[in-house]
Number of protein chains: 2
Amino acid sequence: MKFSKKSEYGLRALLELCGTYGGRVLQRHEIAERQNIPVEFLEQILLALKRAGLLASRRGVRGGYALIKSPEDITLGQVIRILDGPLAPISCVSKTAYQKCADCPYAATPSCPLQQAMGEVRDAIANILDHYTLSRFAHSK
Amino acid sequence: MKFSKKSEYGLRALLELCGTYGGRVLQRHEIAERQNIPVEFLEQILLALKRAGLLASRRGVRGGYALIKSPEDITLGQVIRILDGPLAPISCVSKTAYQKCADCPYAATPSCPLQQAMGEVRDAIANILDHYTLSRFAHSK
DNA sequence: AAAAACTTGAGCAACTCACTAGACAAAATA
DNA sequence: TATTTTGTCTAGTGAGTTGCTCAAGTTTTT
């Protein structure tokens, strides 16, 4: 029941990028040094966030990364789903990546006891993370 | 952010055992067949639950497993912690297995933004799972 | 004594995680 | 235009975990 380093690093990197939002770009090594993250690994994370539309980048000498969405419009839930996949503790209660359980005898049944409990957990997690914005996240610094 | 098959199987097995609580014992193969769980794997799970004090077992011809605590006194949180370890999404917010982050620049700092958000998530998960009893779980069958 | 159960411990294939390496492409500067 | 400095892409890799299997016990009943 853990989040990966990827998510953790990604959030910490975004924290740095929030600090220069609207201003200058940050280079991978700056972020990596300040946040203590292996630079080549960080790169993969930044690229994933870029592909997801959160970051822009410029190559070459004065290149680097910058946020292209306001910190108020990015939630922790979004970031974690990009880097770690769905939030749901079991896939039969995922809203973003539902999958019927193969072996569960209640799969066919109208109501699965496990599903009910896990659904509540999923909702609780999503409720917090999908309402926690980067701005709120960054301000408690 | 997923629970393991171990937890899932464990909970489904306990569901069966709730059904005969106070009555007869259930054998591994009965549980395995009804719940579609590989029997040798299930065994490991049942033994872990036994060592944790939830189950008793009898060997030999009329042997099997039985719950020794009331379904009202067992929570999903307990079971998942036994089989999957701590609930906390990152270990620096775990109450049962706290560990300081090695690389986080905020580790020394009085307040870490990540820690605050993840702490909320942990509490939300624990709040649900530590109050969801097996009896409630079984009755929604 | 034999059979039917649980017990213990080891082993293993497949996968995931966290990271590394290297070739390549674009932008700026000299 | 050549060189340097950045990002981009793809592949690989070692360690650890997950989900299971196997085999050799031990205990209990018949």
Side-chain angles (χ1 to χ4, degrees), chain A residues 1-13 17 24-33 35-52 54-68 80 82-86 89-91 101-104, chain B residues 1-13 17 24-33 35-52 54-68 80 82-86 89-91 101-104:
Chain A
M1 228 359 219
K2 282 238 179 81
F3 290 121
S4 67
K5 281 279 171 192
K6 222 168 172 174
S7 281
E8 192 203 313
Y9 290 163
L11 290 171
R12 298 223 314 260
L17 287 161
R24 71 189 192 90
V25 300
L26 281 181
Q27 298 182 342
R28 354 171 258 182
H29 75 265
E30 295 183 88
I31 301 171
E33 273 159 32
Q35 289 289 336
N36 240 316
I37 303 171
V39 65
E40 297 93 348
F41 191 36
L42 174 64
E43 195 177 81
Q44 291 179 14
I45 295 166
L46 293 173
L47 284 177
L49 294 175
K50 185 197 167 181
R51 280 186 218 109
L54 270 59
L55 264 43
S57 60
R58 210 178 37 236
R59 300 205 234 197
V61 169
R62 293 280 299 162
Y65 295 89
L67 265 188
I68 50 173
I80 290 170
I82 291 166
L83 298 172
D84 252 17
I90 52 179
S91 32
C101 319
D103 53 4
C104 178
Chain B
M1 227 1 221
K2 281 240 179 76
F3 290 120
S4 68
K5 281 279 172 193
K6 222 167 171 176
S7 281
E8 194 201 312
Y9 289 163
L11 290 171
R12 299 223 313 260
L17 287 161
R24 71 188 192 89
V25 300
L26 282 181
Q27 297 182 345
R28 352 170 261 182
H29 76 262
E30 295 184 89
I31 301 172
E33 273 159 32
Q35 289 288 336
N36 240 315
I37 303 170
V39 65
E40 298 91 348
F41 191 38
L42 174 64
E43 195 178 80
Q44 292 178 15
I45 294 166
L46 293 173
L47 285 176
L49 295 174
K50 185 196 166 181
R51 280 186 218 109
L54 269 59
L55 263 44
S57 60
R58 206 173 45 231
R59 300 207 233 196
V61 170
R62 292 282 299 162
Y65 295 89
L67 266 189
I68 50 173
I80 291 170
I82 291 166
L83 298 172
D84 252 18
I90 50 177
S91 31
C101 321
D103 53 4
C104 178

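Any value given below was found using the heavy atoms of this structure, including those in side chains, with hydrogens, waters and symmetry copies removed.
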(request) Check A:Gly10 against A:Leu83 and note the closest heavy-atom contact, atom names and distance. (result) CA-CD1, 3.8 Å
(message) Could you work out, with side-chain hydrogen bond (donor to acceptor under 3.5 Å, both in side chains) as the rule, every residue matching B:Asp103, not counting sequence neighbours?
(response) A:Tyr9
(request) Send over the distance from B:Leu49 CG to C:dC6 P, rounded to a whole Å. (result) 14 Å
(request) Specify the closest pair of heavy atoms between B:Pro89 and B:Met1, including all atoms of both residues, with the distance to one decimal. (result) CB-CE, 4.2 Å
(message) From CD of A:Glu40 over to P of C:dC19, roughly how many Å is that when rounded to an integer?
(response) 11 Å
(message) According to side-chain hydrogen bond (donor to acceptor under 3.5 Å, both in side chains), who are the partners of B:Gln35, at least two apart in sequence or on a separate chain?
(response) A:Tyr106, B:Arg12, B:Glu16
(message) In this structure, how many angstroms lie between the P atom of D:dT6 and the CD atom of A:Glu33, rounded?
(response) 12 Å
(message) B:Arg24: which residues meet the side-chain hydrogen bond (donor to acceptor under 3.5 Å, both in side chains) condition with it, sequence neighbours left out?
(response) B:Glu30
(message) Whole angstroms only, please: what is the NZ-P distance between B:Lys2 and D:dT17?
(response) 19 Å
(request) List for me each residue that meets side chain to side chain contact (heavy atoms under 4.5 Å, CB included) alongside B:Val61, sequence neighbours excluded, and say none if there are none. (result) none
(request) Give one of base, sugar-phosphate or nothing for B:Gln27, where a contact means two heavy atoms less than 4.0 Å apart. (result) sugar-phosphate
(message) Heavy-atom nearest nucleotide on DNA chain C for A:Leu42 versus A:Val61: which residue maps closer to 5'?
(response) A:Leu42
(request) Give the rounded distance in Å between these two atoms: CD1 of B:Ile37 and P of D:dC20. (result) 10 Å
(message) Expressed as a whole number of angstroms, how long is the span from A:Ile45:CD1 to C:dT20:P?
(response) 12 Å
Please tabulate, one pair per line, each protein N/O and nucleotide N/O from nucleotides 13-18 of chain C that are separated by under 3.5 Å, including the distance.
| unit_1 | atom_1 | unit_2 | atom_2 | d |
| --- | --- | --- | --- | --- |
| C:dA18 | OP1 | A:Lys5 | N | 3.4 |
| C:dA18 | OP2 | A:Lys5 | N | 3.2 |

Please list, pair by pair, any protein nitrogen or oxygen found under 3.5 Å from a nitrogen or oxygen in nucleotides 7-11 of chain C.
| unit_1 | atom_1 | unit_2 | atom_2 | d |
| --- | --- | --- | --- | --- |
| C:dT7 | OP1 | B:Lys50 | NZ | 2.6 |
| C:dT7 | OP1 | B:Ser57 | OG | 2.8 |
| C:dT7 | OP2 | B:Tyr65 | OH | 3.0 |
| C:dT7 | O4' | B:Arg59 | NH1 | 3.4 |
| C:dT8 | O4 | B:Glu43 | OE1 | 3.4 |

(request) Could you check how far CG of A:Asp103 sits from P of D:dG19, rounded to whole Å? (result) 11 Å
(request) Would you please name every residue forming a side-chain hydrogen bond (donor to acceptor under 3.5 Å, both in side chains) with B:Tyr65, sequence neighbours left out? (result) none
(message) Show the nearest heavy-atom pair for residues A:Leu42 and A:Ala13, with the distance to one decimal.
(response) CD1-CB, 3.9 Å
(request) Please report the C-alpha distance between B:Ile82 and B:Leu54 in whole Å, then the side-chain angles of each, then the deciding distance to 0.1 Å, and finally whether the side-chain contact (heavy atoms from CB on, under 4.5 Å) criterion is met. (result) CA-CA 10 Å; B:Ile82 291 166; B:Leu54 269 59; 4.1 Å; yes
